[in-house]
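Read the numbers this way: they start at 1 and go in the same order the structure lists the ligands and their atoms.
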Amino acid sequence: LIIMINFINMAFKRNILITGGAGFIGSHVVRLFINKYPEYRIINLDKLTYAGNLANLHDVESASNYTFVKADICDFDKLIDIFSEYKIDGIIHLAAESHVDRSIKDPLTFARTNVMGTLCLLQAARQMWEECPEKYDGKRFYHISTDEVYGALRSDGTYFTESTKYDPHSPYSASKASSDHFVRAYHDTYGMPTIVTNCSNNYGPYQFPEKLIPLFINNIRQGKPLPVYGKGENVRDWLYVEDHARAIDLIFHKGKIADTYNIGGFNEWKNIDLIKVIIKTVDRLLGNAEGISEHLITYVTDRAGHDLRYAIDSTKLKKELGWKPSLQFEEGIERTVRWYLDNQEWMDAITTGEYEEYYKMMYKG
Ligand code: NAD
Ligand code: DAU
């Protein structure tokens with residue numbers, strides 16, 4: 001068996017661990033890497049929390065360069081087993097608790113996964129890579145973070161750059177900020193080849209319908225209220241998820257070790273304006289008069305500590321690595337709304353909880 005495992009490990013040019021690959025962004029990264037790099041083996045490690053859904057990967061799950069492992073990034077011993085079995089030489093770390101509202105209700109889970117989980121992964125990589133004869137040569141630990149660590153901007157045309165001071169406000173962003181610090185500390189202390197990127201709000205297919213865009217598309221379709229926090233004046237900078245995945249691919253291969261890159265679309269929208277675009281698009285695609293669903297807008301109590309504005313300056317990434325978003329927002333939102341309307345089964349399996357029952361049966365423990 002050991003000979004067979006060694007043979008399989010050697011058959012691939014690289015063995016890349018992608019954590020959180022059953023989630024929204026992770027599934028797009030896994031798909032891109034499986035299709036673009038048949039010479040790499042992609043190991044998707046995911047705990048399958050409520051946010052993990054293997055249906056996000058149904059089209060690539062039988063690819064010969066793909067392996068799924070159900071595991072918790074906080075389980076250090078399991079991580080060591082996975083590292084030794086698959087001879088991991090690159091990590092793209094996306095696994096996290098990602099929803100701000102949940103972090104307000106349950107901050108400890110966010111500290112556990114985002115802080116301790118990231119630390120466990122760093123420590124497992126360090127232990128295994130330092131044992132190799134070539135040590136950190138050819139290795140890479142790429143940590144995916146968020147623009148929320150920088151705090152909130154005023155409506156004054158300023159942007160977050162890579163040197164903006166960290167100033168997180170929610171338990172979610174505080175936990176991500178902490179994990180970013182640990183990643184950088186592993187470079188500075190142990191020489192681990194790390195990279196961190198901070199990205200703005202993603203949108204597109206397979207996003208869990210607790211987040212603004214998929215939640216509102218589904219509610220409009222069902223004629224349910226659209227809960228707008230506060231006055232709907234908060235501003236977010238939206239990037240199509242496949243453009244984020246392309247940036248991750250580029251940075252994983254060409255980014256400078258120990259560096260940080262901001263990723264964003266220079267595409268700011270006030271929530272209420274974005275919501276009206278979504279309403280018009282859903283109405284039109286359902287064959288209704290554009291704007292007929294605006295009566296569903298319901299202003300509700302604001303999110304606690306709600307950051308007013310995020311806006312990313314991604315000039316460095318453009319200048320140094322030549323990345324820029326490929327999709328205009330109008331096209332991205334049209335494609336996204338169409339996808340959710342065309343994939344009602346995917347949505348229904350989540351809203352009924354059916355998707356979790358299936359995994360409980362398939363992957364015990
Ligand atoms: P998501 O919530 O859709 O997916 C997270 C995935 O991580 C799920 O598959 C879940 O099962 C898995 N996971 C959670 N806890 C785990 C654990 N303890 N062990 C193993 N797996 C675990 O999140 P997303 O929106 O795809 O975000 C992915 C990453 O990108 C996160 O690190 C997030 O902070 C970051 N990010 C997200 C956005 C965004 O707009 N969604 C923007 C910038 C950065
Ligand atoms: O900026 C990057 C971040 O973007 C990521 O790090 C997070 O993982 C991701 O969840 C996202 O955070 P936001 O809090 O910006 O996303 P969310 O979809 O929850 O909310 C977007 C905006 O819409 C925000 O201003 C809150 C508002 N909102 C959200 C929901 C769910 C509403 O007004 N009503 C809602 O029901």
Side-chain angles (χ1 to χ4, degrees), residues 18-30 44-54 56-57 69-75 78-79 92-104 109-110 112-114 116-118 120-121 143-150 152 160 168 170 172-173 175-176 179-180 197-204 206-216 219 225-239 241 244-245 248 262-264 269-272 274-275 297-303 306-312 356 359:
I18 299 183
T19 70
F24 167 46
I25 303 171
S27 63
H28 289 275
V29 177
V30 166
N44 172 14
L45 182 161
D46 200 295
K47 184 182 173 183
L48 298 181
T49 66
Y50 79 93
N53 184 356
L54 288 176
N56 297 356
L57 291 164
V69 184
K70 183 177 186 297
D72 185 336
I73 51 167
C74 300
D75 185 344
K78 179 92 186 213
L79 292 179
I92 304 177
H93 175 39
L94 295 114
E97 289 293 337
S98 69
H99 192 43
V100 175
D101 295 329
R102 285 182 190 255
S103 83
I104 295 168
T109 301
F110 281 66
R112 180 185 179 275
T113 289
N114 299 358
M116 282 309 294
T118 300
C120 274
L121 194 62
H143 175 63
I144 308 299
S145 191
T146 170
D147 59 359
E148 299 203 14
V149 297
Y150 296 125
F160 297 133
S170 72
Y172 163 67
S173 53
S175 68
K176 290 296 289 187
S179 64
D180 296 5
T197 55
N198 299 84
C199 187
S200 62
N201 284 62
N202 285 216
Y203 71 100
Y206 300 114
Q207 186 168 31
F208 197 83
E210 63 189 348
K211 307 278 167 46
L212 180 77
I213 292 182
L215 176 73
F216 277 34
N219 283 10
L226 306 174
V228 179
Y229 297 164
K231 293 182 178 154
E233 283 179 349
N234 304 69
V235 174
R236 296 292 182 266
D237 176 359
W238 294 93
L239 179 68
V241 63
H244 187 191
I248 290 173
N262 278 355
I263 311 173
W269 284 83
K270 204 182 260 191
N271 286 346
I272 193 65
L274 172 72
I275 288 162
I297 292 176
T298 310
Y299 291 94
V300 299
T301 310
D302 207 354
R303 173 185 276 175
H306 198 173
D307 288 332
L308 177 65
R309 173 173 166 255
Y310 304 142
I312 275 277
E356 285 186 302
Y359 300 130

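Counting all heavy atoms, side chain and backbone alike, D180 lies closest to N198 at OD2-ND2, 3.4 Å. When every heavy atom of Y229 is checked against every heavy atom of H306, the shortest pair comes out as CB-CE1, 3.9 Å. In this structure, F208 and P214 approach most closely via the heavy-atom pair O-CG, 3.6 Å. Nearest heavy atoms, P209 versus L215: O-CD1, 3.3 Å. Contact between F160 and R309 at its shortest, heavy atoms only, is CZ-O, 4.2 Å.
Checked by distance only, ligand 2 and N234 stay at 3.5 Å or farther apart across all their nitrogen or oxygen atoms. Considering backbone and side-chain atoms alike, Y229 places an N or O below 3.5 Å from some N or O of ligand 2. Looking at C199 next to ligand 2, no N or O pair under 3.5 Å apart turns up.
Using modelled atom types, one side-chain atom of N219 and one backbone atom of P225 make a donor-acceptor pair closer than 3.5 Å.
Contacts with ligand 2 closer than 4.0 Å are made by side-chain heavy atoms of E148 only, the backbone lying farther away. Contacts of D147 with ligand 2, taken as heavy-atom pairs under 4.0 Å, involve the side chain alone. Contacts with ligand 2 closer than 4.0 Å are made by heavy atoms of both the backbone and the side chain of L212. With a heavy-atom cut-off of 4.0 Å, L215 touches ligand 2 through its side chain alone.
Side chains of H143 and T118: a donor-acceptor N/O pair is absent below 3.5 angstrom, by distance only.
Interface atoms of ligand 2 facing T146, defined by a heavy-atom separation under 4.0 Å, are 1 (O), 2 (C), 3 (C), 5 (C), 6 (O). Short contacts between ligand 2 and Y310, defined as distances under 4.0 Å to a heavy atom of the residue, involve ligand atoms 1 (O). With ligand atoms numbered from 1 in the order given, ligand 2 contributes 19 (O) to contacts under 4.0 Å with heavy atoms of H99. Short contacts between ligand 2 and Y172, defined as distances under 4.0 Å to a heavy atom of the residue, involve ligand atoms 5 (C), 6 (O), 7 (C), 8 (O).
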For this session: Determine, step by step, whether N271 and F216 satisfy the side-chain contact (heavy atoms from CB on, under 4.5 Å) criterion, reporting the C-alpha distance in whole Å, the side-chain angles of both residues, the deciding distance to 0.1 Å, and the verdict.
Result: CA-CA 12 Å; N271 286 346; F216 277 34; over 6 Å; no

Exercise. Does the side-chain contact (heavy atoms from CB on, under 4.5 Å) test come out yes or no for I144 and I248, once each step is laid out?
Worked result: CA-CA 8 Å; I144 308 299; I248 290 173; 3.7 Å; yes

Exercise. Is there a side-chain hydrogen bond (donor to acceptor under 3.5 Å, both in side chains) between E97 and Y172 once you walk through the steps?
Worked result: CA-CA 8 Å; E97 289 293 337; Y172 163 67; over 6 Å; no

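Here the protein heavy atom with the shortest distance to atom 11 (C) of ligand 2 is N201 ND2, 3.4 Å. Counting only heavy atoms of the protein, atom 9 (C) of ligand 2 lies nearest to S98 O, 3.9 Å. Regarding atom 36 (O) of ligand 2, its nearest protein heavy-atom neighbour is P227 O, 3.4 Å.
Nearest-heavy-atom check against atom 31 (C) of ligand 2 across K176, Q207, E210 picks out E210. Selection from R236, R303, R309, H306 by nearest heavy atom to atom 14 (O) of ligand 2 gives R303. The option with the heavy atom closest to atom 27 (C) of ligand 2, from among V228, N271, D302, is N271.
Around ligand 1, the residues contributing at least one heavy atom under 4.0 Å from the ligand are G20, A22, G23, F24, I25, D46, K47, L48, T49, A51, G52, A71, D72, I73, L94, A95, A96, S98, T113, I144, S145, T146, Y172, K176, C199, S200, N201, N202.
Under the side-chain contact (heavy atoms from CB on, under 4.5 Å) rule, C120 has a single partner from L79, D72, I73, D75, which is L79.
Residues satisfying the side-chain hydrogen bond (donor to acceptor under 3.5 Å, both in side chains) test with N114, not counting sequence neighbours, are S175. Remark: E356 engages Y50 in a side-chain contact (heavy atoms from CB on, under 4.5 Å) (not counting sequence neighbours). Here T146 pairs with nothing under the side-chain hydrogen bond (donor to acceptor under 3.5 Å, both in side chains) rule; sequence neighbours left out.
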